Enquirer: 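Questions regarding the structure given below will be posed in turn.
Start at 1 with the first residue, then count along the sequence. All figures in this text were calculated on a predicted structure; none of them were measured in a lab.
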Amino acid sequence: MRVLMYNNKRIAIAKILVENITQIFEILPNNVQILNVKCWEQVIFATVLALKSFERGTNKAKTIRGEILLRVSGILQIKDAINLVGAKRGENFIVAFGENAERDLAEVLLKIGAKELQLTNCEKEKVKESFEQVALVDVL
């Protein structure tokens, strides 16, 4: 698990191995999102931009979780975003945000029984491409 700060808000992220996703969404609190993408940096960037969009009132989704999903996918339709980057069996990233982000993330990991994997950095070019995709939502 890695913890970062944005504007006095904590963001915790972990890479996990998920065997069964059917019950995960019933367990996730409002400040936790799970995504199936290649780079953890993309998830953090999307989370920061989602939090900023809610602060500025420029959000496209009704919830921060939904905004993160839209931003990671680079598209504006929640249903399409779920199909593209929503949790899938195998390796996923799970992110929590807020005052108790680490604790909330640890509790969710315990409840879903996911195995935590090592968080490794993506290649700079891949990160750059993913950041461009995340930022795309602002211009759509």
Enquirer: Please give me the minimum heavy-atom distance between R65 and N31, naming the atom from each residue.
Expert: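 Shortest heavy-atom separation between R65 and N31 comes out as CD-N, 4.5 Å.
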Enquirer: Find the distance between CG (L70) and CG (L84) and round it off to the nearest 0.5 Å.
Expert: 11.0 Å
Enquirer: Is E107 paired with K111 through a side-chain N to carboxylate O contact shorter than 4.0 Å?
Expert: no
Enquirer: Any side-chain heavy atom of F93 sitting closer than 4.5 Å to one from L119?
Expert: yes
Enquirer: Applying disulfide bond (SG atoms under 2.5 Å apart), which residue pairs with at least one partner in residues 2-98 are found, sequence neighbours left out?
Expert: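 Passing the test, one end in residues 2-98: C39-C122.
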Enquirer: Below 4.5 Å, heavy atoms only, C-beta onward: do L4 and V48 meet side chain to side chain?
Expert: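 SC-SC contact between L4 and V48 ruled out.
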Enquirer: Test of understanding: with salt bridge (Lys or Arg N to Asp or Glu O under 4.0 Å), list the residues that count as partners of R2, not counting sequence neighbours.
Expert: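 Salt bridge (Lys or Arg N to Asp or Glu O under 4.0 Å) list for R2, sorted by chain: empty.
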Enquirer: Can you tell me how far the CG atom of N36 sits from the CD1 atom of I82, to the nearest 0.5 Å?
Expert: 13.0 Å
Enquirer: Do Y6 and T47 have side chains that approach each other closer than 4.5 Å (heavy atoms only, starting at C-beta)?
Expert: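 Of all side-chain heavy-atom pairs linking T47 with Y6, none is under 4.5 Å.
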Enquirer: Please report the shortest heavy-atom distance between A96 and L105, naming the atom on each side.
Expert: CB-CB, 3.9 Å
Enquirer: Flag the pair I94 / L28 as yes when at least one side-chain heavy-atom distance between them is below 4.5 Å, and no otherwise.
Expert: yes
Enquirer: Answer yes or no: is there a side-chain heavy-atom contact under 4.5 Å between Q42 and L35?
Expert: no
Enquirer: Find out whether S53 and R71 are in side-chain contact, i.e. whether some heavy atom of one side chain is under 4.5 Å from a heavy atom of the other.
Expert: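 Heavy-atom side-chain distance check passes, below 4.5 Å.
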Enquirer: How close do A50 and I68 get, counting heavy atoms only, and between which atoms?
Expert: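 Distance-wise, the nearest heavy atoms are CB-CG1, 3.6 Å.
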Enquirer: Charged N to carboxylate O below 4.0 Å: is that the case for K38 and E129?
Expert: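 E129 and K38: not salt-bridged.
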Enquirer: If you measure from the Lys or Arg side-chain nitrogens to the Asp or Glu carboxylate oxygens, is any gap between E116 and K15 under 4.0 Å?
Expert: no
Enquirer: Between E41 and F131, which heavy-atom pair has the shortest distance, and what is it?
Expert: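 Minimum heavy-atom separation between E41 and F131: O-CE1, 3.4 Å.
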Enquirer: Does Q33 reach the main-chain N or O of V95 with its side chain, forming a donor-acceptor pair under 3.5 Å?
Expert: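 No, the answer is negative, given that no donor and acceptor are paired below the 3.5 Å cut-off.
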Enquirer: With the side chain counted from C-beta on, respond yes when S73 and D80 share a heavy-atom pair under 4.5 Å apart, and no when they do not.
Expert: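 No, side chains not in contact.
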Enquirer: Show the nearest heavy-atom pair for residues W40 and N121, with the distance to one decimal.
Expert: NE1-OD1, 3.1 Å
Enquirer: Just wondering, more than 12 heavy atoms not from E132 lying within 6.0 Å of its CD?
Expert: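 Yes, the 6.0 Å shell around CD holds more than 12 heavy atoms from other groups.
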Enquirer: Could you grab the distance from atom CZ of F97 to atom CG of D104, nearest 0.5 Å is fine?
Expert: 9.5 Å
Enquirer: If you round to the nearest 0.5 Å, how far is CD1 of I11 from CG of L51?
Expert: 5.5 Å
